[in-house]
Amino acid sequence: MSGLVPAYTQVYKEPVAFQRALGLAYDALVHGAVPFDALSVWKALEKRIGEGIYMGSGLLLPHARVQGLAEPLMAFVVAPEIKEIVVPRGETAQFLCLLLSPAESATAHTVAIAGVAKLLLDPEWKKRALTAPDALFLQSLF
């Protein structure tokens, strides 16, 4: 278990467009329990996405550092394929981890990313996530 539980999870049974999956995940965080400046964070995410967010092992990791956030905030999405985003030839994006981390703590950001990476490097966890019947089950894997 990673220690960081997503505030939002979603399981798509069909391939999904990156912008759709990202938009719904971001909307859930914006309307969640933790307030933040949605417009400035979205602009930071757009910049980061433009720099590249594919991390390998099927993971897309759009992320931003957020002023005043007390702890990392995460949304996690699984799909057979996340389309319309550039990944290396022969690879398929299947996981989207939207991560917002406190700007004041580089450690919190690094620990959160390491926790997600550790999960995705576990073949059994990855298999369970990809076959999750619903968002609640996916969330329970954390």
Side-chain angles (χ1 to χ4, degrees), residues 1-103 105 107-142:
M1 304 301 166
S2 72
L4 178 60
V5 177
Y8 168 87
T9 51
Q10 185 58 262
V11 174
Y12 292 96
K13 297 300 183 184
E14 303 289 330
V16 62
F18 170 72
Q19 287 295 338
R20 175 174 168 71
L22 176 67
L24 291 171
Y26 189 68
D27 187 63
L29 295 184
V30 167
H31 293 96
V34 180
F36 58 90
D37 180 358
L39 184 57
S40 68
V41 173
W42 182 255
K43 287 179 180 179
L45 281 171
E46 284 182 318
K47 182 177 185 228
R48 185 66 186 96
I49 290 165
E51 295 168 355
I53 55 168
Y54 187 71
M55 300 294 156
S57 297
L59 175 64
L60 298 169
L61 184 67
H63 57 281
R65 306 284 293 278
V66 180
Q67 279 306 115
L69 204 61
E71 57 187 25
L73 187 58
M74 179 172 67
F76 198 86
V77 173
V78 175
E81 180 182 6
I82 300 171
K83 306 180 302 176
E84 300 170 21
I85 186 81
V86 176
V87 297
R89 174 175 277 177
E91 297 198 32
T92 302
Q94 296 177 296
F95 304 95
L96 182 136
C97 178
L98 172 55
L99 179 64
L100 306 180
S101 300
S105 175
T107 301
H109 184 74
T110 304
V111 168
I113 291 173
V116 171
K118 182 179 178 186
L119 290 175
L120 288 175
L121 289 173
D122 176 348
E124 186 58 35
W125 188 92
K126 199 171 174 178
K127 178 182 170 191
R128 291 179 73 201
L130 287 169
T131 58
D134 56 41
L136 195 58
F137 182 86
L138 178 61
Q139 189 163 27
S140 77
L141 295 178
F142 289 86

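Just so you know, residue 1 is the first one in the sequence shown, and it goes up from there.
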Kindly compute the distance separating CG (Leu119) from CZ (Arg128), expressed to the nearest 0.5 Å.
11.0 Å
Check the orientation of Phe95 and Phe76. Use parallel for under 30°, tilted for 30 to 60°, and perpendicular for over 60°.
tilted
Rounded to the nearest 0.5 Å, what separates atom CG in Leu98 from atom CG in Leu24?
11.5 Å
Applying the side-chain hydrogen bond (donor to acceptor under 3.5 Å, both in side chains) criterion to Ser101, which one of His109, Arg65, Glu71 satisfies it?
His109
Does atom NZ of Lys43 have more than 12 heavy-atom neighbours, drawn from other residues, nucleotides or ligands, at distances under 6.0 Å?
no
Would you confirm whether Lys126, through its side chain, and Ser57, through its main-chain N or O, come within 3.5 Å as a donor-acceptor pair?
yes
Shortest non-hydrogen contact between Leu141 and Trp125, atoms and distance:
O-NE1, 3.1 Å
Do you know which two heavy atoms are closest between Ala112 and Leu4, and how far apart they sit?
CB-CD2, 3.8 Å
If you compare all heavy atoms of Val77 against all heavy atoms of Ala21, which two are closest, and at what distance to 0.1 Å?
CG1-CB, 4.3 Å
Shortest non-hydrogen contact from Pro62 to Leu22?
CG-CD1, 3.9 Å
Apply the ring pair (Phe, Tyr, Trp, His ring centres under 6.0 Å) test between Tyr26 and each candidate in Trp42, Tyr8, Phe18; give the one that qualifies.
Trp42
Donor-acceptor under 3.5 Å (Gln139 side chain, Val5 main chain)
no
One pair to check against side chain to side chain contact (heavy atoms under 4.5 Å, CB included): Met74 and Val116. What are the steps and the verdict?
CA-CA 10 Å; Met74 179 172 67; Val116 171; 3.7 Å; yes
If I compare all heavy atoms of Glu84 with all of Ala17, which pair ends up nearest, and what's the gap?
OE1-CB, 3.6 Å
Please test Val87 against Leu60 for side chain to side chain contact (heavy atoms under 4.5 Å, CB included), starting from the C-alpha separation and ending with a verdict.
CA-CA 9 Å; Val87 297; Leu60 298 169; 4.3 Å; yes
From CD1 (Ile49) to NE2 (His63), nearest 0.5 Å:
10.5 Å
Looking at Ile82, Ile85, Val16, which hits side-chain contact (heavy atoms from CB on, under 4.5 Å) with Leu96?
Ile82
Would you confirm whether Ser105, through its side chain, and Pro102, through its main-chain N or O, come within 3.5 Å as a donor-acceptor pair?
no
For the CG atom of Leu120 and the CE atom of Met55, what is their distance to the nearest 0.5 Å?
11.5 Å
The reported gap from NZ in Lys83 to OG1 in Thr92 (rounded to nearest 0.5 angstrom) is 12.5 Å
Do the side chains of Arg48 and Glu51 get close enough for a salt bridge, i.e. N-O under 4.0 angstrom?
yes
Measuring from atom OG1 of Thr9 to atom CG of Leu136, what distance do you get when rounded to the nearest 0.5 angstrom?
7.0 Å
Looking only at heavy atoms, which two atoms of Pro72 and Leu99 are closest? And how far apart?
CB-CD1, 4.1 Å
Does Gln94 reach the main-chain N or O of Glu81 with its side chain, forming a donor-acceptor pair under 3.5 Å?
no
